[in-house]
Structures are given as structure tokens and as C-alpha cells.
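Below, read A as the first sequence line, B as the second, and so on, with proteins coming before strands; counting in each chain starts at 1.
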Amino acid sequence: MTIVEERPATAEVPPPRRPNPLWTLLRNSWRQLTSMRTALVLLFLLAVAAIPGSYFPQYAVNRERVSQYYTAHPQLAPWVERLGGFDVFASPWFAAIYLLLFTSLIGCVLPRLRDHVRALRTVPPDAPKRMDRLPQHAPATARPEDPAAAAESLARMLRRKMFRTRVVELPDGGFSVAAEKGYLKETGNLLFHFALLAVLIGVGFGHWYGWHGNRLLVAGADQGFCNSITQYDDSALGPRVTAADLPKFCLRMTDFEATYQSTGQAKSFLATVEVKEGSGAYRKASFTVNDPLRLHHANVHLIGQGYAPVLRYTDRYGVSQEKVVAFLPVDGMQTSEGVAQFPDVNIDPATNKRDDQLQVGFEGVYLPTGGTDGSATSKFPAENNPVLYLAAYRGNLGLDVGKTGSVYALDRGQINSGALKKVSGERPYVLRPGETLTLDDGTKLEFVGTRQFATLSIRYDPTQSLLLVGAVLGLIGLMLSLFGHRRRVWFRVLPANGQETGGSVIEAGGLPRTDYPGFAAEFAALTRPAAEDGHAEEGTP
Amino acid sequence: MGELSNQLMALTVLAYLTAMVCYAGEYAFGRRSLIGKAATRPARQLVGAGAAVDEVVEPVVKAPAKVDRGEWSGRIAAAVNVLALALHAGTLVTRGIAAERMPWGNMYEYILSATFVGSAVWVGVLLRRPALRHLGLFASLALVVLLGAADLLAYTAPAPLVPALHSYWFFVHVSTIIISSGIFLIGAVPAAMFLVKSGYDRGKRSFPYTLGKRVPASAATLERLTFRLHAFAFPLFTFGALIAGPLWAEASWGRYWGWDPKEVWAFISWVVYAAYLHARATPSVKRSVATWIALFGFVTMLMNLFGVNLFFEGLHSYANAG
Ligand code: HEM
């Protein structure tokens, strides 16, 4: 595998003028940068630079972990942030390393490509004078054929074995057969390195022109959504994508099925939806984990699921409002937490004014399978014994101040300041589907039932398939490069006793151009027909 | 079945341990000249071990020279090693039957499988090149430590797969990574021995290098074996981690690459092994430097097998330790 490649020495005529020192510096730096050793150092740096990306939580992987880190290490976190530790793979220093590496790569493979194209077009060179100095050598042996026929049959045999072969007539009536094989090794190596470049560029384009969003979708025709930025819980568009570029489609979930092992471990999920693309009609489709719904320029992945209790609140004036509120699972058994907030209730029909003191909120836990021990954790992820524990609050929910609060918890500030007061007792209300609770002011809350929800990740990456092609080509190139061997073989066929008829004398030599332990055996096999008594030295494996 | 698998697991570790002790015995008692001689007579001793003889075996005309205690110890070690491999296979098969699927669903099973591949490759090398038998001490040491760690740190009761693992990419991705990791892991043994041996040849006589005294294989042979194992594993790992993995991740999580800790460390290992191949191909870099890089790759593989599972939390659900 050592490079024995002799680069055509660029005949460097010393310039008559004194070299410009800046130019010399640039040229030397470029040589340095494109050397194999520099590539090695940069590869190593790349590996080391990736380590913090696994140690520190990453924004791109999990934003919440980063905030947890901020809470746990309030002093250190801002520093980590400043140094790019929470976004290692987009940080300038990481980029610096891989950009240098890829510059080095370009500087390295372009000249190699040129040399290789040249090598592909040049014929195998003549045999060296002293073949016994070559790593492989078969001493001269006599053959009955005359030189022309012997050389012809050798060349045929070599061509059959895919050697590129050239026969030259020598001035003294003999022939030289030169053959070379294994060009695919360098071809593969170049293919591999170019594929690396292509993959990097592809990843860049994918980042620019791709987008993704996450959305929690509750079952039911009334809960559907259409693809637009405002409909996402969170989203990210690539720098070259605008909100108007998003493909048009609408989704509504009609059914969600989950099955579980008796241990509670999930066995299967299946989301059934109705989907409408562009201006078409709704059609049915279903998808599951590992098998996304593939739409035109968007893929819908199922990444989570849970329950959304349906709650109906009836206020002092007898007006009812129904809400479907997703509760987020906090453990594997689907113990789920959430809130139901009713800001627009208790509106006096006489004045039609909302009273900020009379907004209502409920906070609690939903257990798909409640236990008999009264503990607030679910025993099983399916709804075998659904139960909802709720605490009730009345007052100002603090929703109108324009703050973006969580939709899964009440505003702690409002509770602490006393603007929002707890009106249930020490123990939470316990509700089963169909049951109703009555608050101290006579208003009622009915637990109508639950619906399933699915968390969806919706993504588009335009270069994904191209990357796959690049990676596969790269792998093919890598294997050609690793397992190929470049080697040359020469035969010199001379007339026996200096006469053109009546037998010839054949000498052979071989040169492996890369570290190739099997070459001795191959050479022996190639020269065996040439050596009449069939003696060939055993190849050392 | 799960119980049986656990018992077989204990026996497997015990068998590797026994093999290790016998290999150590060979080190302790073996006379260098004799080992050297035995080494030139391929695979003869393994016939006695009941192992399959492959085509490299040449008929031995003369009766083997007088066999001393060290030689016997080595033969027994090889035999026990083969037995351990069989037990190892049994552990995996019963585990798979207990879980009703391929035994690759969690970290424990993953390590079990990767070490099995490593061990099988080692036994293959042993059969083809009995001269390398001395490496057995380190191969079995590595296996004992890895399996012991898997049992103590990562044991998980057999269970069916979570839905995220229901995918044929699971099969392709995990099997190729297991095979390549196994080969990388075992590749570290000749790598380490090359460093020891070449250090010894250069006249170093301090502790680890003294082991080189009894290694009959030449430094060049060890180096070449190191390269062959790594060159074989590298494309396989490239396919498993950088093609099949992203394909599956795309289907499952929506993105082909997300810098989850497992992915980060797979990337690191890949880059380090690429650096090894590079270094080996660079004439101005010494072979011993290149080999150190290969060993560094081994460390990153260990990090991927154990460290990532124990220290970080990620999406790779099978990564969760028991
Ligand atoms: C982007 C990072 C790079 C990676 C991941 C990479 C990877 C590899 C790998 C795995 C091989 C082994 C194939 C073989 O041995 O035949 C290889 C070979 C080679 N690489 Fe790179 N490489 C990178 C960058 C570079 C750069 C920057 C240069 C030039 C300075 C370079 C020059 C070479 C050469 C000349 C070989 C052939 C060695 C031989 O004769 O086998 N590579 N590369």
C-alpha cells in the first residue's frame, strides 16, 4: 500500500529572476497543506474536534438538554456556549478543520487525477535492463517456439488475464513483452476521495435547501393541519428556503393503533391519516415508525405518541366549551402531564365582558392504566383503566400578556403572585371518562374521554438520494483501492543461439507497485508456462 | 432458554479464561527455539485439538520434535479456545431463541455478538497461521475483559424489540457493524503485539517489550496481519455505519445523520481508522506510528461499545444499558 508511484518529475528550471518571497511562501504553504502528512494531522484533528459534540448536549440533538445543562452548570454553560460547545458541528472551528481538510483533499486529488489520466493513456514502459534486480525474477529458460510466436502467445495469455500488454520488437530479433495491471486501484482511490468531496457538498446543499418541522397531531377531523410554518410547534427552514416554498399538503389523523407487550414495552404503532396534496382530494394513508409517509417533497415520520383528554367546561352562565388537550407522556407507561386552560369563560351575557378573575385552568396527570394504590403513575401504556387527576385554578391565566408560555403547564408566575388561585382542595379531583366534577362556584368540568395523538417530524432534504449514490460510489472506490494491486510484468524473448527460428530463451521479471504479498504466487503462475519444466518457485503467502 | 443462555455465558467466560491461563502457561514454560520450530509446521498441533484443518496444512513428514510443557500448554490453550468459541456461539443462539429474534437488540447482546465475531476471526487466524498462537494470550484476555464487562455492566433480560428496531435495516446495519467491530477489536491484538515485538527487536527490554521475546512471528508478519484485518473491516464499517445506518435513521427518525452520541463516536472511529490507512500508505510515516493510530481506533471502538452507552443518553434505544 506504500506509494511507489513515481510522479513525473516536473522539470523545474530555476527562474532567472529572484523568486518573489510571498509567492514562495504561498507555494510552500500549499505544498505543505496538500501533503499526506497534513491530511493525516487534519483527519486526526477532525476526530478530536468531534469529541465535545458527544460530551456536551447539542442544540441540534436536544434543545431541552442544553437548558438542563444551563441549570446544572450556570457558570460554565455560557462559556461552553461561546466556544460553540452546544453546536459543535456548526461551529467555526469545526468548519475550519473540515474546510482545510477538504482543501487539502482537492489539492491532493486533482494532480493525482491528472497523473492517473496520463498513466491510463501511456503504454506500459519497457523492461529494465537487469531483470534479476526486480523483486520477482524468473531466469532465462529455453522454449521450442521461435521468438515471435512465443512473444505472441505470452501477450495473448497476459491480455486474457486483463493485463494491459505491449509487445515491442527488439533490434536483435528478440521481443519485449511489457504488461501492467491494477489501474483500478488508483481509479478506485480517486473515486473514493471525489465521492467524499461530493458528499460534503451534498450535505451543504441539503442544509441550505432543506427544512423540517415538528407537529403534534391529535386524532380527529377537527384537529387536522395544513403544511405551513404557523402550524408547526417548532420548525427550521434552511437558509435558502422561505415559508412560501413549503409544499402544500393537509393531514388529518383518523386512527392511531398501538400494541404492547405484557411488560408494557411497545410492540407496534400504526397511524392512519387522510392526506391531501396540492389541490387534490383527501386520500387514506397509513404509516409507522421506520416507514414514513412519503409525500411530494416532504416525508412524515412518526416519532412519538400519547393521549389527549377531551374536557368540557360549563361556566356560571351555562355556556359549555370543549377542549382537546394533549398531555405529554413522562414515562414509558404513558403517565402524562398537561393542562386545560379556559380563558374565555364566565362572560356575562349582559355586558359581554370577560372577567379576568374568572378564567379557569386545570392541571394534572392522566394515567391510561391507573393502579389501585392511588399512586400517580400509570401501570400500563394502553387504556385499561383510564383515570385523570386534576387540580383546578381560577383567576388570571396570564395568557394575554403576549408571553409565549408553555401549553403544557400553568404560568407559575401567576400562581405565585396570587393572580391565579387554586380552588380544588389538597387532593386532586379524580375523574374517569364520562364523569363530571363540580367546582366550588357551581361550574362543571366533564371528562368526555380521550383521543390519541401522534408526534410527527416532517422533513425534506433535497440531496438525500444523491448523497446515497455518492456514498455507495465512494464505498466501491474504497474497496477497489484497498483490495486492488498495481503490478508490472515483463518478458524478454530472445532467439536461442541468436537465430530467429529454432527456439527462444525467455526471461521474466515482475514489480509489484504496491505492497502485495500475493504477487510472488501470481508471478509464479504467470511464468509457469514459460518455464518448460514447470518449475516455479512457491509463493510465500 | 434465557436461563440456559446465561449459564452458557458464564461457561464461555470461564473457557476463555482457561484458554488465557494456558496461553500464559505457554509463555511461561515455552522455550523459544521449540516454539520457533513448531511455528514453521503449520496447523499440525490443531489437528490434535479436533479442529478443522484447512488447505494451508502441509503434510508433515517427520514426527514432531519432542514436545515440552510450554508446547502442550499452547495446544491445550488452542483447544480450549475453540471450545470457548463453540460455547460463545451457544450463548448467542440460545439468547436469540429466548428473545425470538436476532440477538442484537441491546448493548449486552451487541457486545456478545461483536466479541463472537472477533473470536471467530481469531480462531480463523489461528488455524491458518499457527505461528501466531502466542497472540492467543492477548486475544483471550481481550475477550474475557469485554465479555466480563458486558455481563457486569450491561446485562439485560431477553425481550422483544421496541418498534423502532423493527426494520430490515436493523438487520443490515447492526450485523455489518457487529462484524466490522469484531474484526477491528481483534485487529488490535496483532497491532499491540507488533509494537511490542518491534520494540523488542530494536532492543527495548522494559516490561511490555519483554513479552516480545517469546513471540515467534516476525514484526512484519504481525504488521501485515494488522493491516489486513483493518483493511477488511474498514469498508464493512463504512457500509454499516455510514450507509446502512443513515438509511435506517432516515426512515426511522427522518434525518440521515443527527450527531447523536453514538453517531459522533462512529464518525470518530471511522476517521481514526481512515487516518490509520492513510498513515500506513504514507511512506514518511513510520509503521509503528500508523499502528499506534490503529490502537487509538481500538480505544474509540471501546468508547462506542461501552462509554457512549454508559455516559451519554441518545436516540439509540438499544444502547441503553440494562
Ligand atoms: C477527507 C478526508 C480523507 C479521508 C476520510 C481519506 C481516506 C482515505 C482512505 C480510507 C484511504 C485508504 C485507501 C487505500 O489505502 O487505498 C485513503 C488513501 C489515500 N488518500 Fe485519503 N482520505 C482523506 C483525505 C486525503 C487527502 C487530503 C489526501 C492528500 C493529501 C489524501 C490522499 C490519499 C492517498 C494518496 C491515498 C492512497 C494511498 C495508497 O497508496 O493506498 N487523502 N484515503
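Residues B:Val271 and A:Ala47 come closest through the heavy atom pair CG1-CB, 3.9 Å. When all heavy atoms are compared, the tightest approach of B:Val264 to A:Ser54 is CG1-CB, 3.9 Å. Closest of all the heavy-atom pairs between B:Ser252 and A:Val289 is OG-CG1, 4.4 Å.
Within a 6.0 Å radius of OH in A:Tyr260, more than 12 heavy atoms belonging to other residues, nucleotides or ligands are found.
Between chain A and the options B:Ser269, B:Ala274, B:Gly254, heavy-atom pairs under 4.5 Å are most frequent for B:Gly254.
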Kindly determine whether B:Val272 and A:Leu43 satisfy side chain to side chain contact (heavy atoms under 4.5 Å, CB included), including the steps that lead there. CA-CA 7 Å; B:Val272 171; A:Leu43 270 174; over 6 Å; no

Begin from the C-alpha positions of B:Phe239 and A:Val472 and carry the test side chain to side chain contact (heavy atoms under 4.5 Å, CB included) through to its verdict. CA-CA 8 Å; B:Phe239 174 76; A:Val472 170; over 6 Å; no

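Taken to the nearest 0.5 Å, the CD atom of B:Glu250 stands 5.5 Å off from the CG atom of A:Asn299. Distance check, rounded to the nearest 0.5 Å: CG of A:Leu468 to OH of B:Tyr256 gives 11.0 Å.
Residue B:Trp270 touches chain A through its side chain alone, counting heavy-atom pairs closer than 4.5 Å. For A:Leu42, no part lies under 4.5 angstrom from a heavy atom of chain B. With a threshold of 4.5 angstrom between heavy atoms, A:Phe192 approaches chain B through side-chain atoms but not through N, CA, C or O. Contacts between B:Phe296 and chain A at a heavy-atom distance below 4.5 Å involve the side chain alone, from C-beta outward.
Between B:Trp259 and A:Phe94, the angle of the ring planes goes over 60°, which puts this pair in the perpendicular group of the 30/60° scheme.
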